[in-house]
> 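Have a look at this one.
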Amino acid sequence: MKKHRVLEMLKTFSKGVRGMFVLAVITAGLSIVLSFLTPQIIRFTVDSVVGDETSQLPGIASRVIDALGGRGELRAHLFYCALGVAACAALSALMNHFSRVSIAKGTEGLICSLRRTLFRHIQYLPFSWHTENQTGDMIQRCTSDVEVIRNFISAQCIEVVRTIILLTIAVVLMFSMNTTLAIVCLLFIPIIVGYSLFFHKRIHRLFRVADEAEGELTVKVQENLTGVRVVRAFGRERYELDEFDRKNDEFSNRWIDMGYTLGLFWGVGDAASCLQMLCVICVGAYLAANGRMTLGEMLAFISYTQTLAGPVRSLGRTLSEFTKSTVSAERLCEILDAEPERPSEDDVRPDLNADIVFDHVRFSYGGQEVLRDVSFTIHSGQTVGILGATGSGKSTLTYLLNRLYDLPDGTGRITIGGVDIRKIDRAYLRRNVGLVLQEPFLFSKTIYENITAASAAATLGEARRAASIAAVDESIESFRDGYDTVVGERGVTLSGGQKQRIAIARTLMMHCPIMVFDDSTSAVDMETDAQIREALRENTDTSTVVLISHRINTLMQADQILVLEDGRITESGTHDELVARGGLYRRVYDMQRGAHTEGGEGDA
C-alpha cells in the first residue's frame with residue numbers, strides 16, 4: 001500500500017474538523033514563541049539589567065522597558081523580570097492547553113468519521129468478502145488499528161508540528177546570537193534524523209508482523225468464545241489453551257523483537273542528545289571565557305538546547321509511532337479498498353409473485369465448480385423441494401437467488417417474471433426473498449426484537465402469530481420473561497430447534513412472496529417439523545416456497561422435487577413419481593423409511 005493512499009484517507013476523514021487542526025497548530029506555535037521568550041528575558045536580565053551589556057531589543061520591548069522606568073528601575077525591582085518570565089510561562093501553558101483541546105476535538109472528529117465509514121463500508125461488502133476474511137482480524141483492525149491512528153494524531157502528530165516550529169525559531173535565534181555555537185548545537189540534528197531514517201524500514205516491517213500476530217490472537221479468542229459450547233462438548237479446553245498460549249507467545253515475541261530494536265533506536269537518540277548538550281556547554285564556556293559571547297547568551301543557548309533536546313530525543317519514538325500508525329492505516333485501507341456491492345444499472349423492482357427460472361446456471365468457488373448447467377422452473381405459488389447430498393450445491397442455489405453471490409457473465413441466468421435478477425435492486429430483492437438458514441443467527445436482544453428484526457413496527461400480536469406458525473410460541477411463553485427473554489450471544493441460551501423456529505418466525509414477519517427454507521427444521525423433531533409444514537401450507541398459500549432438506553417427510557408434499565447430485569439436477573418430479581423412478585430419491589426414501597420403522601419397533 002502506497003503512503004499517498006494513507007494520506008488520502010486521512011485527508012478525506014479530516015473534512016469538517018480541519019479548522020480544529022489549524023487552530024491547534026496556531027496555538028502550538030504561540031506557545032512555543034512564548035516559551036522561547038523566557039530565555040531571552042533571562043539573557044536580557046543577566047547581561048543588561050544585572051550586567052552592563054548594551055541591549056539590542058525590538059522596538060516594542062524597548063518601549064515597554066521605558067514605560068517601566070528603564071533598566072535602572074528594573075535593576076532596583078528585579079521581580080519585574082521574574083513577572084515577565086512567569087507571564088510568558090502562564091501564557092505559553094494557556095496556549096498549549098488550547099492546542100491540546102483543539103487537537104483532541106479534531107482527532108476525535110476524524111476517528112469518529114473513520115469508524116462510521118468503516119462500519120458502513122463493511123455493511124455493503126459482498127458476502128464472498130466476509131467468507132474470505134476472518135471476523136477476529138476485522139475486529140482487530142476496526143478497533144486496535146483505529147486506536148493506533150488516534151493515538152498518533154492526538155499525541156505524536158502535534159509534536160511533529162511543534163518540533164518543526166521549535167527548530168525554525170531556534171535556528172533564527174541561535175544564529176542571531178552566535179553562529180559558531182549555533183552550528184555546534186544544530187550539527188547533531190542531521191545525524192539523529194539520518195539514523196532515524198535508517199531504522200525506519202526495519203521498524204515498519206516489525207510493526208506489520210506484530211500487528212498481524214495480534215490479529216491472529218484476536219481471531220483465536222473470538223473463535224473460542226463463539227464456539228464455547230463445542231469446546232466444552234468435546235473437552236477441547238486443554239487444546240484451546242495450548243493454541244492460545246502458542247499464539248500469545250508468538251505475539252509477545254514479536255513485541256520483544258520490537259523492544260530490542262526500539263531500545264537501540266531510543267538509546268542512540270538519548271546518547272546523541274546528551275553529547276549535543278555536552279558539546280554546547282564546553283564550546284559555550286570556551287567562547288564566553290574568551291569574550292566571544294556573553295554569559296546571558298550562553299545561558300540562553302543552554303536553555304534552547306534543553307528545549308530542543310526533548311523533541312529531538314523523542315524523534316525516534318515519533319517515527320516509530322508514525323510507522324506503526326502507517327501500518328495500521330494500510331490495513332484499514334485494505335478494507336476500504338475492497339469493492340462493495342454496486343447497485344444494478346437498471347435497478348428495477350418488478351412484481352416477484354412470478355415464475356423463477358434457473359437457465360443453464362454454472363457457478364464456482366475459487367475455481368471449484370459446484371453447479372453444472374442447472375436449469376429448472378419454479379412456478380409462482382408453488383412449493384418446491386430440493387434434495388441432495390452435502391456439497392451438492394443446494395445452499396448455493398439459495399445464495400444465488402438472494403444475490404448473496406452474483407452470477408458472473410456467461411454462466412447462465414436466473415430470472416423472476418422474465419427479469420434477470422442481476423437487474424433487480426438488491427435491497428428490494430432481499431426484502432422479498434425470505435431466507436432461513438440451517439444455522440440461523442440471533443442477536444443478543446429479546447426474542448421479540450429478534451422476531452421483529454426485519455419489521456420493527458410489528459406488534460406483539462403479529463410476532464406471536466408468526467411464532468405460532470413456526471411452532472415456537474408455547475416454548476417462548478414457557479420462559480419466565482416470555483417474549484422479553486434476552487437470548488445470549490448468537491442465541492446460545494436457546495436450543496438449536498428453538499433458534500431455527502424463531503428464525504422461521506422472523507422470516508414470516510416479512511410476508512415475502514418468495515421464501516426459502518435451507519434445511520431450517522433439521523434441529524426439530526419429526527412431529528414439530530410436520531406441524532410447521534402444515535402451518536406454512538395454510539399461511540403461505542400465495543407465496544413461492546423452496547424447501548431444502550435431507551428429510552423426505554419434509555419434501556414429500558411439495559408440488560415439485562428436485563434432486564441434486566454433484567452440482568447437476570438428476571431427477572425432478574413429485575414424490576410418487578420419484579419413488580417410482582428408483583433413483584437417489586427412492587434410495588434415500590427407503591433408508592429413512594427403514595430407519596423410522598426400526599426406530600418404531602425398538603420403541604415398542
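Along the sequence shown, residues are numbered consecutively beginning with 1. Note that the structure is a prediction, hence the values are computed from the model and not measured.
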> Is the distance between the ring centroids of Tyr365 and Tyr405 under 6.0 Å?
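They qualify: ring centres under 6.0 Å apart.
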
> Take Met556 and Asn553, measure what side chain to side chain contact (heavy atoms under 4.5 Å, CB included) needs, and give me the verdict at the end.
CA-CA 5 Å; Met556 60 190 305; Asn553 282 349; 3.6 Å; yes

> Hey, what do you get for CE (Met515) to CG (Leu547), rounding to the nearest 0.5 Å?
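Separation between the atoms: 9.5 Å.
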
> Any Lys/Arg nitrogen of Arg465 or Glu462 sitting under 4.0 Å from an Asp/Glu carboxylate oxygen of the other?
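Not counted as a salt bridge, because no side-chain N and carboxylate O are separated by less than 4.0 Å.
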
> Check the orientation of His575 and Tyr585. Use parallel for under 30°, tilted for 30 to 60°, and perpendicular for over 60°.
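The arrangement is perpendicular - the two ring planes meet at more than 60°.
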
> In this structure, are over 12 heavy atoms from other groups packed under 6.0 Å from Asp245 atom CG?
yes

> Regarding Asp425 and Arg403, does a basic nitrogen lie under 4.0 Å from an acidic carboxylate oxygen?
no

> Give a yes or no answer on whether the side chain of Gln592 reaches the backbone of His550 with a donor-acceptor pair at less than 3.5 Å.
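Yes, the answer is positive, given that a donor and an acceptor are paired below the 3.5 Å cut-off.
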
> Check this for me: does any side-chain nitrogen of one of Arg372 and Glu369 sit under 4.0 Å from a carboxylate oxygen of the other?
yes

> Could you list the residues that satisfy side chain to side chain contact (heavy atoms under 4.5 Å, CB included) with Ser144, not counting sequence neighbours?
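Partners of Ser144 under the side chain to side chain contact (heavy atoms under 4.5 Å, CB included) test: Gln140, Glu214.
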
> With Phe517, which of Ile548, Val546, Val545 fulfils side chain to side chain contact (heavy atoms under 4.5 Å, CB included)?
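So the option named by the test is Val545.
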
> Atom CD1 in Ile421, atom CG in Asn402: separation rounded to 0.5 Å?
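If we round to the nearest 0.5 Å, Ile421:CD1 and Asn402:CG are 8.5 Å apart.
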
> With sequence neighbours excluded, tell me which residues meet salt bridge (charged side-chain N to carboxylate O under 4.0 Å, His left out) with Arg246.
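Only Glu243 meet the salt bridge (charged side-chain N to carboxylate O under 4.0 Å, His left out) criterion with Arg246.
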
> Within a radius of less than 6.0 Å around NZ of Lys105, do more than 12 heavy atoms belonging to other residues, nucleotides or ligands occur?
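No, because the 6.0 Å sphere around NZ of Lys105 holds 12 heavy atoms or fewer from other groups.
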
> Rounded to the nearest 0.5 Å, what separation is found between the CG atom of Asn151 and the OG atom of Ser325?
10.0 Å

> Can you confirm whether more than 12 heavy atoms, excluding those of Gln368, are under 6.0 Å from its CD atom?
no

> Do the charged groups of Glu341 and Arg430 touch, with an N to O distance under 4.0 Å?
yes

> Out of Asn432, Val433, Thr415, Val419, which residue meets the side chain to side chain contact (heavy atoms under 4.5 Å, CB included) rule with Ile424?
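It is Val419; the other options fail the test.
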
> Side chains of Asp473 and Tyr483: donor-acceptor distance under 3.5 Å anywhere?
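Indeed, the side chains of Asp473 and Tyr483 share at least one donor-acceptor pair under 3.5 Å.
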
> Do you know the tightest heavy-atom contact between Ala558 and Ile561?
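Minimum heavy-atom separation between Ala558 and Ile561: CB-CG1, 4.1 Å.
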
> Roughly how far, to the nearest 0.5 Å, is CZ of Arg18 from CZ of Phe13?
12.0 Å

> Mark yes when over 12 heavy atoms from residues, nucleotides or ligands other than Arg238 sit less than 6.0 Å from its CZ; otherwise mark no.
yes

> Would you compute the distance between atom CZ of Phe244 and atom CZ of Phe251 and round it to the nearest 0.5 angstrom?
10.0 Å

> Starting from the C-alpha separation in whole Å, work towards a yes-or-no answer on side chain to side chain donor-acceptor pair (under 3.5 Å) for Asp518 and Ser395.
CA-CA 7 Å; Asp518 186 359; Ser395 295; 2.7 Å; yes

> Can a salt bridge be assigned to the pair Asp409 and Arg422 using a cut-off of 4.0 Å between side-chain N and carboxylate O?
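Yes.
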
> Say you draw a straight line from CD of Gln500 to CG of Asp519; how long is it, rounded to the nearest 0.5 Å?
7.5 Å

